[in-house]
Asker: 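Can you read through this structure? Questions will come right after.
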Amino acid sequence: MRAAAFGTIPSAGGSRGLAEKGALLPPSGARPGYSARPMTIRTRFAPSPTGFLHIGGARTALYNWAWTRRHGGVFLLRIEDTDRARSTAASEAAVVDGLRWLGMDWDERLSRQSERGDLHRAAIETLLARDRAYRCVCTPDEIGARKQQFVATGAKWTYDGRCAEANHGPACGPHTVRLRVSKTGRLDWQDLVFGPSGQDAREIGDMVIRRSDGSPLYHLAVVVDDVDMRITHVIRGADHLNNTPFQLALYRALDAPIPQFAHLPLIVGADGRKLSKRRDHVSVQHFREAGYLPEALCTWLVRIGWSHGDQEIFSLAEIRALFSLEATHRSPGHADPQKLDWINQTWIKRLPAERLAAELQPFLAAATDADAAAAAGSDPGLLGLIDLLRERSKTLAEMSERARFFALPDAALAYDPKAVQKHWKPALRTPLAALRDALVALTAWEPAAIEAAFEATLAQHEGLGRGPLAQAVRVAVTGSAASPGIYETLAVLGRERTLVRLERALAAWPAAS
RNA sequence: GCUCCCAUCGUCUAGCGGUCUAGGACGUGGCCCUCUCAAGGCCAAAACACGGGUUCGAUUCCCGUUGGGAGCACCA
């Protein structure tokens with residue numbers, strides 16, 4: 001039954017409802033019988049190394065990765081480095097690092113399109129030999145002129161086929177090679193996300209597959225590579241929707257099995273248009289440097305265009321266990337930075353303090369200096385501080401800012417002038433000294449005991465409010481008017497450092513005027 | 001212009017003919033909590049683009065309109 005379905009439909013796949021099931025079957029171009037036993041799913045992510053990993057690309061990679069892992073397939077990474085100008089080892093590394101940082105892995109060895117030139121050239125020769133492609137001596141200028149005339153008719157321009165029957169040989173001078181694309185029939189496929197898709201073959205035209213300098217074009221290279229790598233499912237951005245018919249024609253001309261296609265809706269910017277490098281933050285690297293966790297970025301990206309009931313937060317493990325193309329949307333989605341903030345904080349609240357401490361390290365160093373960050377890193381109070389800070393930090397950068405007071409040496413702590421002016425009232429000096437004495441007398445250095453010392457001090461001083469005392473201490477110990485609960489803060493800072501800071505504040509206390 | 005695609009609160013979405021006086025989340029506003037900042041709790045405002053069908057019955061199916069997006073290379 002399966003075999004029959006694949007034998008009759010050029011690009012089978014069944015309805016959307018059956019898509020996931022069909023996904024386990026071999027590519028639709030396979031002959032009947034060949035499909036009798038399920039074959040391994042093979043997918044790939046094929047970024048061009050532009051110097052950074054784009055969030056759109058990261059999401060495509062994530063969908064590929066998650067779906068493939070879920071189905072026990074093989075996920076490959078292929079660098080599309082045909083554009084020599086932009087392709088450097090550094091920009092390739094940026095893409096690879098980005099993927100690793102997000103938590104993705106891939107199988108077999110990383111491959112590069114540039115390594116496959118021979119394959120592309122051979123494929124073109126074969127097409128030529130079989131007369132499925134032909135040499136074309138039309139120059140860009142000539143075509144441009146003809147195209148301009150054509151535009152008046154209002155139809156979509158396709159190559160007019162002037163050289164199609166000319167039979168130009170290898171020695172015809174500068175020439176391109178064009179694929180013969182049928183002028184009748186349809187180039188259709190069953191998209192795993194978009195459902196029945198395709199268009200009339202005649203609207204495609206005989207497209208160039210080899211430049212006059214002998215280099216192959218993108219479409220030829222991708223198809224040949226995908227065939228060679230035995231890719232069974234092509235999962236990519238919806239910007240390739242329009243490219244698929246021509247690529248279908250290439251698969252046919254190559255007598256190659258046709259993979260299944262799944263196109264993902266694009267991520268758009270705040271104005272609903274394609275993400276722009278100028279307006280929007282598009283690189284994964286940017287978010288990493290701004291203090292977002294990989295878990296947060298993955299959750300954010302996976303939820304644009306896909307959902308699983310009302311669940312908002314997904315670990316990588318959940319993503320790979322739950323992701324399905326069937327539940328993937330068809331409409332483009334906005335990437336909302338505020339939602340990312342919330343997601344990031346949610347992860348900050350969930351992750352173990354040890355993990356956050358490690359992630360925080362570079363941010364702390366940036367907010368203070370290497371020495372201070374190292375000192376904080378080995379301070380036993382750090383994990384406790386992180387537990388206090390996770391409720392008030394949307395990013396690691398923010399957390400590091402709030403942790404500055406802790407990392408800084410006692411003598412280097414600076415006081416916020418406005419906070420001093422507001423909270424260091426001359427009359428508070430005596431109670432503060434009393435509080436210091438109460439703290440010194442403490443046997444246990446923990447929030448409850450510290451609170452008791454505060455209460456005792458308050459009881460000694462008629463009319464003194466809890467707020468003013470807490471604020472005075474807060475400024476003395478953190479330099480700022482905002483911090484986690486004062487008892488917890490002192491507990492985490494430690495007895496010695498607290499007392500040193502109190503002493504230092506007392507010494508700097510303003511006198512009554 | 002042509003081709004292809006899309007359409008539920010501002011945003012991400014649930015909904016796969018009756019369960020919808022349309023649910024959740026972010027954001028926004030209010031209240032509570034409170035030593036500051038947060039976090040948290042409660043409440044509120046906020047959407048099925050429009051018009052035709054199909055049907056006993058449409059947010060859900062079909063067709064138009066409108067709006068939006070993507071693609072129309074000897075780029076990838």
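Just so we're on the same page: letters track the sequence lines, and every chain starts at 1.
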Asker: Using whole Å, report how far CD1 of A:I348 lies from P of B:A38.
Answerer: 16 Å
Asker: Would you please confirm or rule out a distance under 4.0 Å between OP1 or OP2 of B:G40 and any side-chain N or O of A:K349?
Answerer: yes
Asker: Whether A:S307 contacts B:A14 is assessed here as follows: a side-chain N or O lying under 4.0 Å from the phosphate OP1 or OP2. Is that the case?
Answerer: yes
Asker: Distance between the P atoms of B:C61 and B:C2, in whole angstroms?
Answerer: 28 Å
Asker: Establish whether the base of B:C37 is bridged to the side chain of A:R392 by a donor-acceptor pair shorter than 3.5 Å.
Answerer: yes
Asker: Using atom P of each nucleotide, how far apart are B:G68 and B:C32 to the nearest Å?
Answerer: 45 Å
Asker: With C1' as the reference atom in both, quote the distance from B:G69 to B:G30 in angstrom, rounded to an integer.
Answerer: 38 Å
Asker: Look at the aromatic rings of A:H240 and A:Y218 and report parallel, tilted or perpendicular, splitting at 30° and 60°.
Answerer: parallel
Asker: Answer yes when A:K183 and A:D206 have at least one side-chain N-carboxylate O distance shorter than 4.0 Å, and no when they do not.
Answerer: yes
Asker: Watson-Crick or G-U wobble partner for B:A44, using a 3.5 Å limit on both distances?
Answerer: B:U28
Asker: Quick check: any donor-acceptor pair below 3.5 Å linking the side-chain of A:D310 to the base of B:G23?
Answerer: yes
Asker: Roughly how many Å is it from OH in A:Y134 to P in B:C74, rounded to a whole number?
Answerer: 12 Å
Asker: Consider the side chain of A:H334, meaning its heavy atoms from C-beta on, and name the nucleotide among B:U11, B:U3, B:G27 that approaches it most closely.
Answerer: B:U11
Asker: Give A:S393 one of three labels, base, sugar-phosphate or nothing, depending on what nucleic acid heavy atoms sit under 4.0 Å from its own.
Answerer: nothing
Asker: Between B:G40 and B:U34, how far is it from one C1' atom to the other, in whole Å?
Answerer: 12 Å
Asker: Nearest to the A:Y487 side chain among B:A70, B:A76, B:C35, which nucleotide is it?
Answerer: B:C35
Asker: Specify the separation, in whole Å, of atom CD1 of A:I267 and atom P of B:U11.
Answerer: 16 Å
Asker: Considering only side-chain heavy atoms of A:R303, which listed nucleotide, B:C74, B:U3, B:C12, is closest?
Answerer: B:C12
Asker: Please give the distance between the C1' atoms of B:G18 and B:G29 as a whole number of Å.
Answerer: 36 Å
Asker: Can you find a donor-acceptor pair, distance only, under 3.5 Å between A:S212 side chain and B:C74 base?
Answerer: yes
Asker: Could you tell me which nucleotide pairs with B:C33 by Watson-Crick or G-U wobble geometry, both distances under 3.5 Å, or answer none if nothing does?
Answerer: none
Asker: Ring of A:F261, cation from A:R236 - is the NZ or CZ under 6.0 Å from the centre and inside 45° of the axis?
Answerer: no
Asker: When both hydrogen-bonding distances must be under 3.5 Å and the geometry is Watson-Crick or G-U wobble, what is B:A14 paired with, if anything?
Answerer: none
Asker: In whole angstrom, what separates A:R186's CZ from B:C4's C1'?
Answerer: 10 Å
Asker: Does A:K147 have a side-chain nitrogen or oxygen under 4.0 Å from the phosphate oxygens OP1 or OP2 of B:A73?
Answerer: yes
Asker: Rounded to the nearest angstrom, tell me the gap between atom CG in A:L248 and atom P in B:C4.
Answerer: 15 Å
Asker: Would you mind telling me which of B:C35, B:A76, B:G10 lies closest to the side-chain atoms of A:E80?
Answerer: B:A76
Asker: Side chain of A:Y218, heavy atoms from C-beta onward: which of B:C6, B:C37, B:A76 has the nearest atom to it?
Answerer: B:A76
Asker: Identify which nucleotide among B:C74, B:U3, B:A38 has an atom closest to any side-chain atom of A:Q345, counting heavy atoms from C-beta outward.
Answerer: B:A38
Asker: Using a heavy-atom cut-off of under 4.0 Å over every strand shown, decide if A:L389 touches base, sugar-phosphate, or nothing.
Answerer: nothing
Asker: Give A:P484 one of three labels, base, sugar-phosphate or nothing, depending on what nucleic acid heavy atoms sit under 4.0 Å from its own.
Answerer: base
Asker: Once you apply a heavy-atom cut-off of 4.0 Å, does A:I343 come out as touching a base, just sugar-phosphate, or nothing?
Answerer: nothing
Asker: Closer to the 5' end of RNA chain B via nearest nucleotide, is it A:L340 or A:P140?
Answerer: A:L340
Asker: Base, sugar-phosphate, or nothing for A:I486, non-hydrogen atoms under 4.0 angstrom?
Answerer: base
Asker: A:N243 near the nucleic acid: base, sugar-phosphate alone, or nothing, with a heavy-atom cut-off under 4.0 Å?
Answerer: base
Asker: May I ask which nucleotide in the shown strands pairs with B:G1, Watson-Crick or G-U wobble, both distances under 3.5 Å?
Answerer: B:C72
Asker: Using Watson-Crick or G-U wobble geometry with both distances below 3.5 Å, tell me the partner of B:U65, or none.
Answerer: B:A49
Asker: Is a salt bridge present between A:R186 and A:D200, judged by a nitrogen-to-oxygen distance below 4.0 Å?
Answerer: yes
Asker: If you measure from the Lys or Arg side-chain nitrogens to the Asp or Glu carboxylate oxygens, is any gap between A:E398 and A:R402 under 4.0 Å?
Answerer: yes
Asker: By the 4.0 Å heavy-atom rule, please label A:F454 as base, sugar-phosphate, or nothing.
Answerer: nothing
Asker: Establish, for the pair A:R59 and A:Y63, whether the NZ or CZ atom is under 6.0 angstrom from the six-membered ring centre and no further than 45 degrees off its axis.
Answerer: yes
Asker: Contact class for A:G305 (heavy atom, under 4.0 Å): base, sugar-phosphate, or nothing?
Answerer: sugar-phosphate
Asker: For A:H219, report the nucleic acid contact type (base, sugar-phosphate, nothing); a contact means any heavy atom under 4.0 Å.
Answerer: base
Asker: Any donor-acceptor pair under 3.5 Å linking the side-chain atoms of A:R474 with those of A:S483?
Answerer: yes
Asker: Find the partner of B:C20: check Watson-Crick (N1-N3 plus N6-O4 or O6-N4) and G-U wobble (N1-O2, O6-N3) distances, both under 3.5 Å, and reply none if neither fits.
Answerer: none
Asker: Hey, does the side chain of A:H54 come within less than 4.0 Å of B:A76's phosphate (OP1/OP2), counting only N and O?
Answerer: no
Asker: What integer number of Å spans the C1' atoms of B:C62 and B:U54?
Answerer: 7 Å
Asker: Suppose you measure atom P in B:U8 against the same atom in B:C12; what distance do you get, rounded to whole Å?
Answerer: 8 Å
Asker: Rounded to whole angstrom, note down the C1' distance from B:C63 over to B:C75.
Answerer: 38 Å
Asker: Starting at the 5' end of RNA chain B and moving along, which residue's nearest nucleotide shows up first, A:G467 or A:K339?
Answerer: A:K339
Asker: From the options B:A14, B:C37, B:C74, select the nucleotide whose nearest atom is closest to the side chain of A:H329.
Answerer: B:A14
Asker: Can you give me the closest heavy-atom contact between A:L77 and A:P47, atom names plus distance?
Answerer: CD1-CD, 3.8 Å
Asker: Looking at B:U59, which nucleotide sits across from it as a Watson-Crick or G-U wobble partner, both distances under 3.5 angstrom, or is there none?
Answerer: none
Asker: State which of B:C75, B:C6, B:A70 makes the closest approach to the side chain of A:L266.
Answerer: B:A70
Asker: Could you give the CD-to-P distance, from A:E401 to B:A38, as a whole number of Å?
Answerer: 16 Å
Asker: From the list B:U11, B:C6, B:C75, which nucleotide is the closest neighbour of the side chain of A:L217?
Answerer: B:C75
Asker: Under 4.0 angstrom, heavy atoms only, what part of the nucleic acid is A:E312 near: base, sugar-phosphate, or nothing?
Answerer: base
Asker: Expressed in angstrom and rounded to an integer, what is the separation of A:R330 atom CZ from B:U8 atom C1'?
Answerer: 15 Å
Asker: Would you say A:R211 places a side-chain N or O within less than 4.0 Å of OP1 or OP2 belonging to B:C74?
Answerer: no
Asker: Send over the distance from A:H120 NE2 to B:A76 C1', rounded to a whole Å.
Answerer: 13 Å
Asker: Give a yes or no on this: more than 12 heavy atoms of other residues, nucleotides or ligands lie within 6.0 Å of atom CD of A:Q421.
Answerer: no
Asker: For the residue pair A:T299 and A:W347, confirm or rule out a side-chain donor-acceptor distance under 3.5 Å.
Answerer: yes
